[in-house]
Engineer: 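Pasting in a structure now, in structure tokens, and then I'll have a few things to ask.
All of these numbers come straight from a predicted model, not from anything done at the bench. By convention in this document, chain letters (A, B, ...) are assigned in the order of the sequence lines, proteins followed by strands, and residues within each chain are numbered from 1.
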2 protein chains.
Amino acid sequence: MASATLDDVATRAGVSAKTVSRVVNGERSVRPETRQRVLRAVEQLDYRPNLLARGLSGAHAYTIGLVYDNPNAYYILAMQQGALSACDDLNFGLQMRPCNSKASALAEDLRDFVHRSRLSGLVLTTPVSERSAALQRLAAYKIPFVRIVSAARDPHDGFPCVYVDDRDAAYAITIHLLQLGHQRIGFLRGGKHHHASAERLRGYKEALRDYGVPPRKELMIDGDYVFDDGFRGARRLLDLAEPPTAIFGCNDEIAAGALAAAQSTGLHVPYDVSIAGFEDSPFSRHSWPPLTTARQRADIIVERATRMLIACIGGEDVENEGFNPELVVRGSTAPPRPKSRQRKRA
Amino acid sequence: MASATLDDVATRAGVSAKTVSRVVNGERSVRPETRQRVLRAVEQLDYRPNLLARGLSGAHAYTIGLVYDNPNAYYILAMQQGALSACDDLNFGLQMRPCNSKASALAEDLRDFVHRSRLSGLVLTTPVSERSAALQRLAAYKIPFVRIVSAARDPHDGFPCVYVDDRDAAYAITIHLLQLGHQRIGFLRGGKHHHASAERLRGYKEALRDYGVPPRKELMIDGDYVFDDGFRGARRLLDLAEPPTAIFGCNDEIAAGALAAAQSTGLHVPYDVSIAGFEDSPFSRHSWPPLTTARQRADIIVERATRMLIACIGGEDVENEGFNPELVVRGSTAPPRPKSRQRKRA
DNA sequence: CACCACGATGACAGCGCTGTCATGGTTCGA
DNA sequence: TCGAACCATGACAGCGCTGTCATCGTGGTG
């Protein structure tokens with residue numbers, strides 16, 4: 001009924017409880033032969049360490065925190081899934097924590113969160129992971145963390161991270177639009193305080209440059225990662241004297257807003273205007289037409305980050321790792337209408 | 001630095017640790033005067049019980065589990081928010097757990113989850129809360145739980161619950177459509193194994209009956225709570241010889257699918273066909289046109305359920321409580337076109 | 001060969017709390 | 001008036017684990 005304890009395993013393996021503890025925690029100084037005996041006993045008894053006891057006794061609770069501040073439900077859920085799967089696998093607990101990344105006392109809020117539950121460390125997702133002052137403070141508090149950032153390359157700044165090349169994916173999307181024949185491509189930017197949005201903007205600009213298309217200020221519109229800003233931004237673009245023939249939204253929700261704006265104006269997507277998003281959230285699959293976008297496997301990315309964090313906590317050296325989102329072409333992008341038939345509204 | 005312990009509080013209040021424990025846990029037998037002294041000390045030291053120690057020592061871990069099996073990200077997130085806010089407030093921990101409600105060993109999976117973390121109890125959300133065989137087993141395992149169910153009235157079945165009157169809300173939505181002048185109203189049903197979907201269907205039928213409109217088999221289509229089924233179902237409805245002038249989707253995602261189907265067929269919503277959803281998820285606000293729907297405050301409902309559960313665990317008697325979703329009218333519903341102009345496609 | 005360093009292991013205390021039981025004081029009824 | 005019943009409180013052990021330190025055996029070194 002009650003699950004096996006360290007002592008049960010120790011008795012069965014003919015060693016002391018402390019030795020079992022050593023094996024379970026992957027400490028070095030155990031003879032391979034002893035280790036084998038212990039592992040066998042662990043398996044036979046289906047032993048699983050009691051997180052409560054571990055936490056009470058040890059220096060930390062063998063539990064990590066997943067910290068997010070994001071309006072995107074699908075994204076958060078995917079991240080939770082990824083973190084949960086890593087934690088389950090490695091016998092760690094998981095605390096999920098929404099937070100306010102703009103709070104001035106962010107680092108202190110997180111510190112309290114960590115101390116209260118004696119957390120072993122944090123996985124910081126964007127945009128929390130981009131508040132560099134807070135990161136410094138967390139490091140000063142000796143709180144281990146792994147962060148997920150938007151960068152083309154390993155930042156090599158001393159903090160472990162998983163980096164996602166948003167620039168590259170935005171570049172690919174823009175190239176896709178250019179290859180379809182679009183020359184006037186609107187860009188709806190998301191969250192100024194998200195580094196990812198700057199990276200995506202960069203990818204967009206670099207693609208234009210490589211195709212010899214001059215960037216135009218009036219085609220780039222600021223906003224937040226929300227539907228309404230996508231809607232408003234797209235309206236502004238479509239009301240221009242010379243409106244864009246394609247719109248690239250900085251994430252799927254923005255793109256969904258743009259799609260709604262186009263439809264509310266009587267335009268047909270993709271015939272009158274092409275629309276692309278970013279993220280491959282269900283949004284992009286569940287609109288009509290479904291959105292061309294960039295697939296980001298948040299679950300896999302966060303699972304990786306979680307494993308890195310737990311390795312760090314265990315004192316292992318870890319290497320930063322990069323991910324590339326991939327282009328997903330769906331029905332919301334098509335070649336522009338020939339000039340003569342442009343701007344015809346239903 | 002390190003936070004205060006029971007002993008610190010005890011010393012300050014001039015009592016034993018056990019007495020502080022009694023006060024903190026709301027046990028009866030403490031003199032009001034002593035209680036006051038202790039509470040003052042607790043406040044002064046900003047004492048918060050250590051969940052790890054509590055769990056290790058006590059019969060349970062002062063932590064509850066939130067169990068869900070739902071494809072709807074917004075819904076889950078809202079529920080998490082609600083549970084978190086109650087737990088934070090009451091010094092309980094929270095474990096969030098997706099699960100497979102169709103698993104035959106559901107009760108045993110949950111039991112293992114509870115035992116492994118020594119959870120104090122579970123909040124069961126739909127459809128997990130509707131697997132009555134599993135509920136019986138959980139009760140037999142002596143696992144406390146509070147469930148959220150779809151019912152017009154307190155079920156009085158001995159298990160505590162929060163009940164949501166889906167029937168009533170579906171009735172209101174259908175009446176809204178009838179009052180606009182619709183006579184042929186399609187119904188896209190969601191998840192057969194969700195009791196809520198049966199309740200919503202019931203509300204739909206009862207509204208038709210009260211308006212003297214005969215229900216028609218061919219206008220009610222089965223499916224799951226997913227976009228694709230909404231899309232396919234709506235296509236089937238719109239392809240009928242005499243298609244409906246309004247479609248009621250069993251949740252917002254289904255309705256979004258129906259919306260996409262209508263648009264993909266060249267129909268204009270709401271002029272050619274009205275569409276209503278259920279749930280008030282961002283989906284319903286972020287489509288074009290935004291969806292008429294029924295607002296369900298999942299966060300508030302789950303917060304209430306969580307408080308009930310914790311009260312139960314503390315040995316208090318609790319009363320079941322009901323919630324009514326409310327009708328939200330948006331742009332996706334309008335009077336049907338006059339007969340002569342119907343079925344004109346763009 | 002004596003000595004030391006080091007690797008492998010175990011004994012033991014204690015993390016912060018609650019459950020159990022004991023204690024002393026008070027109240028109540030016969 | 002006395003004992004039973006009861007209330008308020010405290011002493012103490014122990015939940016399952018890890019950190020610290022002690023112990024023992026081994027191999028290398030001068």
Side-chain angles (χ1 to χ4, degrees), chain A residues 1-38 41-42 45-63 91-93 115-118 120 313-315, chain B residues 1-38 41-42 45 47-63 91-93 115-120 313-315:
Chain A
M1 193 84 238
S3 56
T5 73
L6 258 195
D7 272 321
D8 300 334
V9 179
T11 306
R12 179 160 203 129
V15 297
S16 77
K18 182 63 202 179
T19 298
V20 177
S21 166
R22 288 197 176 93
V23 172
V24 171
N25 290 297
E27 286 178 36
R28 212 66 42 108
S29 66
V30 177
R31 236 179 18 208
E33 179 194 315
T34 313
R35 179 184 306 279
Q36 280 317 312
R37 258 213 328 275
V38 170
V42 164
L45 296 173
D46 188 29
Y47 168 75
R48 298 197 155 220
N50 178 326
L51 286 181
L52 297 161
R54 229 148 71 143
L56 183 59
S57 164
H60 59 93
Y62 292 79
T63 293
N91 281 324
F92 263 65
H115 285 174
R116 198 180 305 298
S117 304
R118 312 201 43 209
S120 314
I313 293 163
Chain B
M1 193 84 241
S3 56
T5 72
L6 259 195
D7 272 321
D8 299 335
V9 179
T11 307
R12 179 159 203 128
V15 296
S16 76
K18 182 62 201 179
T19 298
V20 178
S21 165
R22 288 197 177 94
V23 171
V24 170
N25 291 296
E27 287 178 36
R28 211 69 37 111
S29 63
V30 177
R31 238 180 17 207
E33 180 192 314
T34 314
R35 180 184 306 277
Q36 281 314 312
R37 262 216 321 278
V38 171
V42 164
L45 296 172
Y47 168 75
R48 297 193 156 226
N50 178 327
L51 286 181
L52 297 163
R54 225 143 76 141
L56 184 58
S57 164
H60 59 93
Y62 293 78
T63 292
N91 281 325
F92 263 66
H115 285 174
R116 199 179 308 298
S117 303
R118 309 199 48 206
L119 298 184
S120 314
I313 293 163

Engineer: Can you list everything that forms a side-chain hydrogen bond (donor to acceptor under 3.5 Å, both in side chains) with Arg12(B)? Sequence neighbours excluded, please.
Structural biologist: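 Arg12(B) satisfies side-chain hydrogen bond (donor to acceptor under 3.5 Å, both in side chains) with Gln44(B) only.
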Engineer: Apply side-chain contact (heavy atoms from CB on, under 4.5 Å) to Arg37(B) and list each qualifying residue two or more places apart in sequence or on a separate chain.
Structural biologist: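 Once residues adjacent in sequence are excluded, the partners of Arg37(B) under the side-chain contact (heavy atoms from CB on, under 4.5 Å) criterion are Val15(B), Glu33(B), Thr34(B), Arg40(B).
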Engineer: If the condition is side-chain hydrogen bond (donor to acceptor under 3.5 Å, both in side chains), which residues does Arg48(B) pass it with, not counting sequence neighbours?
Structural biologist: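 Arg48(B): side-chain hydrogen bond (donor to acceptor under 3.5 Å, both in side chains) contacts with Asn91(B).
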Engineer: With Ser16(A), which residues qualify under side-chain hydrogen bond (donor to acceptor under 3.5 Å, both in side chains), at least two apart?
Structural biologist: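 side-chain hydrogen bond (donor to acceptor under 3.5 Å, both in side chains) check on Ser16(A) returns Thr19(A).
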Engineer: When every nucleotide of nucleotides 8-17 of chain D is labelled 5' to 3' by its protein contacts under 4.0 Å (heavy atoms), B for base, S for sugar-phosphate only, - for none, what sequence of letters results?
Structural biologist: SBBB--BBBB
Engineer: Could you work out, with ring-ring contact (aromatic ring centres under 6.0 Å, His included) as the rule, every residue matching Phe92(B), not counting sequence neighbours?
Structural biologist: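 Residues passing ring-ring contact (aromatic ring centres under 6.0 Å, His included) with Phe92(B): Tyr62(B).
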Engineer: Considering the terminal five base pairs at each end of the helix from dC1(C)-dG30(D) to dA30(C)-dT1(D), what angle separates the two local helix axes, rounded to 10°?
Structural biologist: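 Answer for the end axes of this duplex: 40°.
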Engineer: If the condition is salt bridge (charged side-chain N to carboxylate O under 4.0 Å, His left out), which residues does Arg116(A) pass it with, not counting sequence neighbours?
Structural biologist: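 With sequence neighbours excluded, Arg116(A) shows a salt bridge (charged side-chain N to carboxylate O under 4.0 Å, His left out) to no residue whatsoever.
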Engineer: Tell me every residue that passes side-chain hydrogen bond (donor to acceptor under 3.5 Å, both in side chains) with Asp7(A), counting only those two or more places apart in sequence or in another chain.
Structural biologist: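 Listed in chain order: nothing, the list is empty.
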Engineer: In whole angstrom, give the distance that lies between atom CD of Glu27(A) and atom C1' of dG10(C).
Structural biologist: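 Rounded to whole Å, this separation is 14 Å.
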Engineer: Can you check whether Ala59(A)'s main-chain N or O pairs, donor with acceptor, with Arg118(A)'s side chain at less than 3.5 Å?
Structural biologist: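 Yes.
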